[in-house]
Amino acid sequence: VMYRYSALVIKNDAGDFDLREQTTTTPQRAGYVQMGVNGKLRAGKTEHDLTLAVDRAWRTRYAAKRGSTAYNLGTGNIYTGIINQHTAPTTAYEEALNNKTVIQGISLVDSITFDKWNVILGIHHHAANEKAYNLGTGAMMRSTDSSATTPTYALTYRPSDKVSVYASHAEYFDMGSAVTNTTSRSYANRGDVLPASKTKQ
């Protein structure tokens, strides 16, 4: 339960605003754990700094059982400081399960140093599962699995202690998210889980 859009929106140059609140899809509980090993080894003139890690993240998200709702409580003005509130804030909030997410991954990274050069080679694999639930009945509407293997590599040259020249490429896995309505829009595909995507940097 909060200001609509988490803020007061100024309507005009006179400083007027509507005092509006909303109930939305904010409540969530999340957890994350990561474990790994790290070690260094020499191979001739090169030094390797190796890291192997596994991780798991999970989130349970709730929403207002009747969907996102906005309430008009009155008006106000930032210059006069006068607030004309005609209705008390609505604090009733009945939550329902919205979606559950689990992501697990494994990563291997090798940082190789040779004289003034450094090379980073990494590979990451992530697998995700997203479950979407009906707010009214609590029944699971759909379950979507997605996964991706993404690389990371970089090359750095240090001609001096104060100067570095580098080039890098990294890809990231972004799991699909559930479509939910907002206070300003209703979507025909509400409840669908969008497909996973890869981003590159």
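Position 1 is the first residue of the sequence; numbering continues from there.
- No side-chain donor-acceptor contact under 3.5 Å links Asp174 and Thr199.
- A 4.5 Å side-chain heavy-atom check between Asn118 and Ile120 finds at least one atom pair inside the cut-off.
- Taking 4.5 Å as the limit, every side-chain heavy atom of Glu95 sits out of range of all side-chain heavy atoms of Lys65.
- Side-chain contact between Pro151 and Ile123: absent, with no pair of heavy atoms (C-beta onward) separated by less than 4.5 Å.
- The shortest heavy-atom contact between Leu135 and Ala96 is O-CB, 3.3 Å.
- Side-chain contact between Glu47 and Leu41 is absent, with no heavy-atom pair separated by less than 4.5 Å.
- In terms of heavy-atom proximity, Thr101 sits nearest to Ile103 at CG2-CG1, 4.1 Å.
- Using a 4.5 Å cut-off between side-chain heavy atoms of Ile, Leu, Val, Met, Phe, Trp and Tyr, with links allowed through other members, Tyr166 and Val163 fall into different hydrophobic clusters.
- Residues forming a side chain to side chain contact (heavy atoms under 4.5 Å, CB included) with Ala43 (at least two apart in sequence, or on another chain): Thr46, His48.
- Between Thr75 and Leu19, the closest side-chain pair of non-hydrogen atoms is not below 4.5 Å.
- At least one donor-acceptor pair under 3.5 Å links the side chain of Lys198 to the backbone N or O of Thr149.
- Checking side-chain atoms of Glu21 against main-chain N and O of Thr90 turns up a donor-acceptor pair under 3.5 Å.
- Under a 4.5 Å side-chain heavy-atom criterion applied to ILVMFWY residues, the cluster that includes Phe114 comprises that residue alone.
- Looking only at distances, a side-chain donor or acceptor of Asn77 sits under 3.5 Å from a matching main-chain atom of Ala14.
- Tyr62 pairs in a side-chain contact (heavy atoms from CB on, under 4.5 Å) with only one of the listed residues (Gln28, Glu94, Arg29), which is Arg29.
- Side-chain contact check for Glu130 and Thr144: no donor-acceptor pair (N or O, by modelled atom type) lies under 3.5 Å.
- Side-chain atoms of Asn38 come within 3.5 Å of backbone atoms of Leu50 as a donor-acceptor pair (strictly under, hydrogens ignored).
- Around CZ of Phe17, the count of heavy atoms belonging to other residues, nucleotides or ligands within 6.0 Å exceeds 12.
- In terms of heavy-atom proximity, Met141 sits nearest to Tyr133 at CE-O, 3.6 Å.
- Put simply, the side chain of Gln201 reaches to within 4.5 Å of the side chain of Tyr172, judged on heavy atoms.
- Note: Lys116 NZ to Arg158 CZ = 11.5 Å, rounded to the nearest 0.5 Å.
- Using a 3.5 Å distance cut-off with no hydrogens or angles, the side chains of Thr150 and His124 do not pair a donor with an acceptor.
- Under a hydrophobic-cluster definition in which Ile, Leu, Val, Met, Phe, Trp and Tyr are linked whenever side-chain heavy atoms come within less than 4.5 Å, directly or via other members, Val54 and Val37 are assigned to the same cluster.
- A donor atom on one side chain and an acceptor atom on the other are not found under 3.5 Å apart for Asn72 and Asp18.
- Of all the heavy atoms in Ser147 and Ala127, the pair that sits closest is CB-CA, 3.9 Å.
- Contact check for Ile10 versus Ile78: side-chain heavy atoms found under the 4.5 Å cut-off.
- In this structure, Gln22 contributes its side chain and Tyr5 its backbone to a donor-acceptor pair below 3.5 Å.
- Through direct or indirect side-chain contacts shorter than 4.5 Å among Ile, Leu, Val, Met, Phe, Trp and Tyr, Tyr157 is connected to Ile112, Trp117, Val119, Leu121, Tyr153, Leu155.
- Side-chain N/O atoms of Ser143 and Asn129 include a donor and acceptor closer than 3.5 Å.
- Note that OG1 of Thr23 is 11.0 Å distant from CZ of Arg4, once rounded to the nearest 0.5 Å.
- Rounded to the nearest 0.5 Å, atoms CZ (Arg56) and CD1 (Ile106) are 14.0 Å apart.
- A salt bridge does not link Lys45 to Asp115: none of the charged nitrogens lies less than 4.0 Å from a carboxylate oxygen.
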